[in-house]
Amino acid sequence: MTSMLHTSFMQESTQMAREHGPVFTREFFNLRFTFVTGADLVAELSDDRRFEKHVLPALEVARPMIGDGLLTAYNHEPNWGKAHDLLMPAFSQAAMRTYHTLMLDVCRQLTDAWDRAAGIEAVHVTDSMAKVTLEIIGRAGFGYSFGSFERTTTHPFVLALEDVLNHGQRLVTRPPMAGGFLGKRAAERNEENIAFLNGVVDEVIAHRAGGDHGSDLLGLMLDSDVLDPVNVRNQVLTFLAAGHETTSAAMSFTLYYLAADPEILEKARAEVDAVIGADEPAFEQVAKLRYLRRVVDESLRLWPTAPGYSRMAKEDTTLGGRYPMPAGEPFFVLLPALHRDFVWGDDPETFDPDRFLPERIRARPAHAFKPFGTGVRACIGRQFALHQIVLVMSRVLQRYNPTLPSDYRLRASEGLTFSPIGLTLDLRPRQDGR
Ligand code: MNH
């Protein structure tokens with residue numbers, strides 16, 4: 001869902017932050033963003049006693065599809081707390097053991113597909129990563145395989161999901177089409193898409209009714225009985241909408257940075273060889289890939305695939321003692337700018353995984369790194385995303401020697417997420433017998 005808007009509003013705003021930060025306002029079509037980019041102010045905004053999540057218009061327009069699902073629920077909606085309490089344990093680091101085997105299955109599908117494909121040059125890694133994350137969340141979320149690696153065209157479910165999200169983005173970024181024919185047609189089509197998505201999920205749920213509910217997230221929700229059926233459906237669609245492209249784009253950026261620097265690539269590969277060897281990684285080994293994890297974190301620093309999140313004051317206050325913040329008014333944490341704040345040193349554009357060495361993290365102010373949002377409304381899928389990203393990267397490094405085409409220059413598209421434009425890699429099998 002990165003292709004529709006043809007904009008770089010967030011990237012431009014990031015450039016402006018050095019001069020105009022730490023708080024400045026910009027308009028984008030009929031939207032108004034007050035950006036916060038300073039680490040000290042973001043730290044203050046992270047206080048859940050004074051501030052809370054604001055559901056951005058860009059999220060709000062997804063409510064016809066995912067309603068009061070975790071991502072788009074208003075703070076006062078009771079289903080948020082019910083779903084949060086129920087699902088938190090299923091997203092803990094320990095729970096990742098449950099998904100490790102299916103994640104490995106999907107890695108095997110990926111490497112099989114790459115090995116089968118005649119060409120190892122100019123592999124469209126962003127497409128491949130999108131398939132990986134879709135298969136993983138489909139299976140972990142509701143035991144569903146989209147057959148991404150067998151298909152030559154995009155699954156209709158995925159097309160409908162992307163259509164709905166794009167439709168929402170157009171609604172908030174363009175003036176209303178004033179009931180014109182095209183607007184009416186687009187609205188109808190959107191309703192058809194939503195009905196189709198609901199139908200697919202409902203069918204899966206119906207198959208589970210009675211008997212064995214299964215050990216995926218859907219099974220957990222059906223077993224517990226605390227969420228009503230519509231909310232269960234909202235959660236399933238939320239995992240797909242929130243957990244698919246953010247994660248796949250993060251994998252693509254990480255692959256870019258690995259391939260872009262032979263020294264970093266070599267260090268990551270040496271670690272994978274030392275910790276795992278040539279076999280499939282065991283669950284416990286993934287967390288031991290400390291250097292690779294730092295590469296992932298550093299990629300998320302420069303390209304936090306979700307560009308930001310929005311906060312509002314619970315009561316009238318001032319931010320940093322000088323920026324008036326009336327209750328309920330949104331302030332947007334612009335992550336690429338926060339992640340280049342002066343607390344990161346004077347070379348914030350330099351890719352350096354060692355910024356995430358434990359002692360260097362401790363030396364930085366808290367809240368300078370927020371790719372997964374903050375507080376009680378932070379990303380529930382964080383461990384799930386990180387486990388699969390590190391796992392998939394390790395499988396790639398075990399098998400291939402990724403190199404960038406010499407003329408590739410990193411540029412990112414933006415929509416609900418950032419994603420690298422036109423990234424391809426040459427993936428030669430490793431020659432050292434691994
Ligand atoms: Mn995720 C919330 C970023 C992967 C499901 N996610 C958020 C927020 C950010 C975010 C930022 C906070 C939004 C806000 O404050 O409005 N999420 C990411 C990134 C990745 C990611 C950068 C991958 C990299 N997210 C995932 C995955 C899943 C997921 C994977 C599900 C399997 N995220 C969510 C849900 C929420 C969320 C659900 C809302 C949590 C809540 O409010 O309770």
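Each residue takes its place number in the sequence, starting with 1. Ligands are counted one by one from 1 in listed order, and the atoms in each one are counted from 1 as well.
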Filtering M88, K370, R311, R377 for the heavy atom nearest atom 12 (C) of ligand 1 leaves R377
Quick note, side-chain hydrogen bond (donor to acceptor under 3.5 Å, both in side chains) partners involving residues 255-265, not counting sequence neighbours, are Y257-W303
Taken in chain and number order and not counting sequence neighbours, the residues that satisfy ring pair (Phe, Tyr, Trp, His ring centres under 6.0 Å) with H244 are none
Residue, atom and distance of the protein heavy atom nearest atom 40 (C) of ligand 1 read A378 O, 3.5 Å
Per-atom filter on ligand 1: closer than 4.0 angstrom to a heavy atom of T305 are 22 (C)
Going by the 4.0 angstrom heavy-atom rule, the piece of K53 near ligand 1 is side chain
Report for atom 1 (Mn) of ligand 1, protein N, O or S closer than 2.8 Å, by chain and number, lists C379 SG
Note: ligand 1 atoms sitting under 4.0 Å from heavy atoms of Y309 are 14 (C), 15 (O)
| query | Looking at R293 and D297, does any basic side-chain N land under 4.0 Å from a carboxylate oxygen? | reply | yes
Original post:
Do any nitrogen or oxygen atoms of W80 lie less than 3.5 angstrom from nitrogen or oxygen atoms of ligand 1?
Top reply: yes
Output for pair (F142 CZ, L237 CG), nearest 0.5 Å, gives 7.5 Å
### Task
Would you please indicate yes or no on a ring centroid separation below 6.0 angstrom for F283 and H387?
yes
Going by the 4.0 angstrom heavy-atom rule, the piece of A140 near ligand 1 is neither
Test side-chain contact (heavy atoms from CB on, under 4.5 Å), reference R50, set E44, K314, E315, output is E44
- Whether L59 lies under 4.0 Å from ligand 1, heavy atom: yes
Counting from 1 in the order shown, the ligand 1 atoms closer than 4.0 Å to a non-hydrogen atom of F91 are 32 (C)
In this structure, atom 32 (C) of ligand 1 is nearest to the protein heavy atom I137 CD1, 3.4 Å
*Take the angle between the ring planes of F146 and Y144 and call it parallel below 30°, perpendicular above 60°, tilted in between.*
perpendicular
- Query: Does the side chain of E60 come under 3.5 Å of the side chain of Y74 through a donor N or O and an acceptor N or O?
  - Reply: yes
Applying ring pair (Phe, Tyr, Trp, His ring centres under 6.0 Å) to Y309 and not counting sequence neighbours gives none
### Message
Quick one, R97 with E284, criterion salt bridge (charged side-chain N to carboxylate O under 4.0 Å, His left out). Give me CA distance, side-chain angles, the key distance, then yes/no.
### Response
CA-CA 8 Å; R97 187 184 291 277; E284 292 79 8; 2.9 Å; yes
Notebook entry, point to check: Going by distance alone, is a donor N or O of one side chain under 3.5 Å from an acceptor N or O of the other, for Q109 and E135?
Noted result: no
Closest to atom 3 (C) of ligand 1 among protein heavy atoms sits P371 O, 3.6 Å
